[in-house]
Amino acid sequence: MWQSWYNWLEERFGYQRLKEFLTSGVTSRSHRWRYVWASGLTFVFAIQVLTGILLMFAYSPGSASAWGSVYFVQYELPFGWLVRGLHHFAAEAMIVLMAAYLLHLGLTGMHLPPGEAVWWTALLLFAATMATDLTGNPLPWDQKAYWALQVELNIIGGIPGLGPLLQYWILGGTEAGQLTLTRLYALHVVVLPVVLAFLLLSHHLALRRYLQQEEKMDSENGTRSHGRWRPQVARVVLLVILASLCLIPQAMPLNSHHDRPAGQEPASDTAETRAWLRWAYLGRSGCGAALEAPADPNVDYPIARPKWTYWFLFQLRKSLEGPWASWATVFGPVVVLLVLFVLPLAGRGRARWWIHCVSVVLLLVLATAIAGLTAWAWWNDYGPSASAEKFQEELHKQRDRAQRAIQLAARGIPVEGPAELLRRDPRTRGRELYQTHCATCHGFGTLIPVKNAVAPDLHNFGTQDWIYQLLQRMRDETSVESQVMPQMASWLRREYERAARADARAQKAGEPPQATARLEEDLKRIAAWLAAHPRRAVPQEGPQRQAFEQDTSAFARGYLAYETHCLRCHVYSGIGGGDTNGPDLTGYGDADWLRGLLHAPYSRQYYGPSVVRWSRLANPRSWMPAFRDTENANAQLWQRDWERTWNELEQMVPENDEKREQRLQAMRRVCTTLHLSELDRELIIRFVLNDDRLVFGGPAVLP
Amino acid sequence: MSEATPVNLPDHARDTTGTAVNKAAHDRRSFLKWVWGGLKTALAALLGVPALIYLADVGRRQRPLRGFRRVARLSDILQHGKTSATTGKRIYEVVVRETRRDAWMIHPNQVLGRVWLVHDPNQKIEPNDPQSALVAFSAVCPHLGCSVRYDAMDDRFSCPCHAGVFDLSGQVLEGPPPRPMDRLQVRLVPDKSSSTNPPDYFVEVDYQEFVPDIPQAIPRS
C-alpha cells in the first residue's frame with residue numbers, strides 16, 4: 001500500500017529527481033572534517049528557523065509591547081525559556097561556527113581556486129549571519145538591547161556618505177522606537193533569513209562542485225581517499241558540540257529570577273509543582289537567555305556593551321582615539337573583508353603557494369587580534385581593576401532593576417508600556433525620588449544614610465516601633481528629634497521626671513515603684529494605636545462611652561492612653577488640642593495624613609503653630625517645606641489655599657509683639673513651597689510607607 | 001527504494017571502490033548508525049516535545065476570578081432606579097468592573113459585565129438572604145449574548161437583537177431565548193459608616209457568564 005502511494009507521489013511530483021540531485025554529490029570525500037562545518041551550519045540555521053517561528057507565535061514588535069511579550073515567553077509560556085534560549089545561544093554558536101569554518105578553509109588553502117566560490121559564499125554567509133544577529137539583538141527591547149543599538153547605529157551613522165541615511169532609515173526617524181523595532185523585525189525574520197537560506201544553498205552547491213573537482217584530481221594523482229568511519233564520528237562529535245553550545249549556557253541559572261510576591265501566584269500555578277512542569281518553567285529559576293529591565297531612555301545606562309561576539313570591535317574603538325577611531329571600526333573590518341575576498345583572485349597559477357602562505361599568516365594574525373581584543377575587553381570589565389569594579393557595581397544595579405521589573409511584570413504590564421513598571425514602582429522610583437527630595441534632611445535607615453540629618457529618619461515610618469523609638473529619642477536633648485520638636489520633647493522629659501519623682505516617693509513609702517513602668521506602657525499603647533492610623537470616632541458620652549472604657553481592644557486601650565497624655569495638645573477626630581496646637585493625630589502616618597502634610601506642613605492641622613513658635617528664634621533651623629505640584633492646573637487653587645493658611649498663621653502672632661515684622665519674615669522664609677508632581681508625591685509616600693503597589697495617576701492604584 | 005540503487009544507499013554503506021565490506025566493519029557501521037539514529041531521535045524529542053508544549057500553551061490564562069463584587073448601595077437603587085408601573089419594583093442597572101488580564105498586559109477597571117438589579121421595596125430586607133427583596137440578573141441575553149435592557153413603557157426586559165422579551169422575574173414572555181434571564185448571586189452587606197435609618201446596605205454581586213443558547217444555565221469555564 002505504501003509502495004503504491006509512493007509510486008503515485010513519484011509519478012505526479014517526481015521527488016526522486018530532487019532526492020538524486022540532493023544526494024548526488026555525496027562521496028567518501030565528503031566525510032572530511034572541513035565539509036562537516038557546512039552541515040553543522042545548516043543544522044544550526046534550521047534550529048534558528050524553527051525556534052524563530054515558535055517565537056513569532058508570541059513576540060509582538062512594538063516599543064510598548066516587545067519587552068512584555070519576551071517576558072511572557074521567558075517566564076509565562078511553558079518551555080518558552082528553552083525556545084528563546086535556543087534561539088539566543090544558537091545565534092552565538094552560528095557566529096562561532098562561521099568564524100571557525102572560515103579559519104579552517106583559509107588555513108587549508110581551500111579558499112584558493114577551484115574553491116573561490118566556496119570561500120566567497122562562506123564570507124557572504126558570515127556577513128549575513130552577523131547582520132541577522134545584529135538585527136535580532138535589539139528585539140527584546142530591554143535596557144541592554146536599547147543602549148547597544150544606540151551605539152551600533154551611531155557607528156553606522158559615522159560612515160561617510162550613506163551612513164546618516166542608513167541610520168535614519170533603520171531608526172525610522174531620528175529616535176529609536178516603534179518603527180525601529182518593526183524595521184529590524186522585518187529584516188530579521190524575513191529578509192535576512194531568505195538571504196541566508198539562499199547563501200547556504202549556494203554554498204552547498206559550490207562545495208559539491210569543489211568536491212567533484214577534488215575527487216577528479218585525486219583519481220588522476222592516485223591519492224588515497226580517507227577512512228570510511230569518519231562521517232559518523234564527525235557528525236556525532238559536531239552534534240554534541242552544537243547541542244552543548246546551545247544547551248549548556250541555558251542550564252546556568254544566571255538571570256533574573258521570577259519570584260512572585262506571596263499571594264500573587266495564579267491559581268493554576270499550584271499544578272506547576274509537578275516535576276515535569278517545573279522543567280517547563282525553568283526560566284523562572286533564571287535559566288535561559290537574559291532579559292534586562294525594559295528599555296527606558298530616561299534611565300542612565302553607563303554599561304552599554306555589544307554582544308560578546310562584537311567585543312573586539314568595541315575594544316578596538318575604545319582603544320583608538322581621534323578621527324582614526326571611527327575609520328578603524330567602520331573601514332577596518334570592511335577592508336579586511338575585502339582583502340579576504342580578493343585573496344583567491346590573486347592565488348591563481350604559480351602564485352598559489354605564496355598566497356596560501358600569506359592567507360595563513362593573515363588569518364592567524366586576524367584570529368589572534370580578535371581573540372586578544374575580546375580577552376582585553378573581558379579583562380577591562382571583569383578583571384581586577386577599579387574600572388571593572390565600577391562596571392560590576394553598575395551591572396548589579398541594572399540586574400536589580402531587571403529583577404524588580406520582572407517581579408512587577410508578573411502582576412501584569414500596563415498598557416502604557418513596560419517602562420512604566422519601574423517608573424511607577426515605589427521601591428525603585430520612589431526610592432530615587434526620596435533620595436532627591438527628602439534625603440537632604442531625612443535619612444532612611446541603612447538604605448539611604450544621611451550624614452548630619454536635621455530631621456527624623458523615616459525608615460519604617462509610622463510603625464509602632466518607629467513611633468516608640470521616636471519618643472524615646474526625644475528624651476535626649478541633643479537628638480535631632482528633640483530639636484525639631486522641642487515642645488513635645490520637653491513635655492516628654494517632664495513626664496519622665498514626674499514619673500521618676502513618683503517612683504522615688506513610692507520607694508520612700510516602701511511601695512513598689514510603678515509610675516515609670518506605667519508611663520512606658522502607656523507610650524507603647526499609644527504607639528501601637530497610632531501605628532494603626534486610627535480614624536474612627538470615639539463615643540464621648542452615654543452608655544456607649546462606658547462600654548468603650550471597658551473595652552480591652554488595642555484601639556480602646558491606645559485611645560484611652562492618648563486621652564490621658566496627648567489630648568491636651570493633639571487633636572484626634574475633632575476633639576482635643578487647643579492648648580498648644582500639636583499636629584492632628586487623626587489617621588496619623590497613613591497615606592492621607594502624609595499627603596496633607598506634604599501639601600501644607602505649615603497648616604494648623606500639622607506643624608503650623610510650631611512654625612509660629614519657631615519664628616521667635618533668631619535663627620530657626622530649616623523647617624519642612626511644602627511639596628506640591630506648582631505647575632499643574634491646580635496651582636492657582638493651592639496659592640489661594642496658601643494665602644488663607646498664611647492669614648491664619650499671621651493671626652497667631654500677637655499684634656503687640658514688638659518683633660512682629662521680623663517674626664513674620666522668618667515664618668515666610670520657613671514656609672517655602674517646592675515643586676513635586678502628584679505622581680512623584682504618591683511614589684514617595686508609598687516608598688516611606690513600604691507600600692509596594694504601583695502608582696497609576698495619583699491615588700488610583702493597581703493591586 | 002531497492003538496495004541496488006546506489007543513490008539510496010546511506011553514505012556509510014558504500015565503499016569508494018564499490019566492493020563488499022567485511023563483517024567487522026559492517027558491525028561497527030551498524031552500531032554507529034544506531035548511535036547516530038538514536039542521537040537524532042533524542043535531539044528531535046528534546047526539541048520537539050517542548051516545542052509542542054510551548055505551542056499548545058493550554059490552560060494558563062483564566063477568566064477573571066469569581067467572587068462577590070460591590071456594585072452599588074441599596075439607597076442608589078431606591079433613588080436612581082426606575083419604578084415599575086405595575087409592581088412598584090425598582091429596576092436599576094449596574095456595571096461590574098474588574099482588572100482584566102490580556103496575556104502580559106493588564107487593564108485596570110474594565111467592564112466585566114452589566115447587571116440588572118430588581119428591588120421590591122415592600123419586601124423586608126433579610127441581609128443574609130435577600131432573594132425575595134433583591135434579585136440580580138445578568139444583562140447578557142441567554143439567547144446569543146446581546147445586552148438586555150429594561151423597557152419602561154411595557155414594564156419588561158427586552159433584547160434588541162432578536163426580540164426576546166422577559167418579565168421582571170426574568171421569565172421568557174416572547175421570542176427565541178431558550179431559558180429565563182440568568183440570575184446571579186447577590187448579597188447585602190451593612191454599611192457601617194451610614195447614619196441613615198433604616199441603615200444602608202452595600203449590594204454585592206457574584207458576576208459570572210453562562211453558555212448561551214441552551215436550555216440550562218451552565219457557567220462558562
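None of these values were measured; they are calculated from a predicted model. Here is the naming used below: chain letters follow the sequence lines, and residue numbers restart at 1 for every chain.
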Work out which heavy atom in A/Val415 is nearest to a heavy atom in B/Met105; give both atom names and the distance.
-> CA-CE, 4.1 Å
Compare every heavy atom of B/Ala103 with every heavy atom of A/Phe72, then report the nearest pair and how far apart it is.
->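 What the structure gives for the nearest pair is CE1-C, 4.0 Å.
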Looking at side-chain heavy atoms only, is the closest gap between A/Phe79 and B/Leu55 below 4.5 Å?
-> no
So does [X] have more than 12 non-hydrogen atoms from other groups sitting under 6.0 Å from [atom1]?
X: A/Glu10; atom1: CD; result: yes
X: B/Arg179; atom1: CZ; result: yes
X: A/Arg535; atom1: CZ; result: yes

When rounded to the nearest 0.5 Å, the distance separating OG of A/Ser60 from CH2 of B/Trp104 is 5.0 Å
Starting at CD1 of A/Ile413, measure out to NE2 of B/His107 and round the result to the nearest 0.5 Å.
-> 11.0 Å
What part of [X] gets closer than 4.5 Å to chain B, counting heavy atoms only: side chain, backbone, both or neither?
X: A/Leu55; result: both
X: A/Thr51; result: neither
X: A/Val83; result: side chain

What part of B/Leu46 gets closer than 4.5 Å to chain A, counting heavy atoms only: side chain, backbone, both or neither?
-> both
Examine distances only and state if a side-chain atom of B/Tyr54 and a backbone atom of A/Leu54 form a donor-acceptor pair shorter than 3.5 Å.
-> yes
May I have the step-by-step check of side-chain contact (heavy atoms from CB on, under 4.5 Å) for A/Phe43 and B/Leu43, ending in yes or no?
-> CA-CA 12 Å; A/Phe43 172 75; B/Leu43 195 74; 3.2 Å; yes
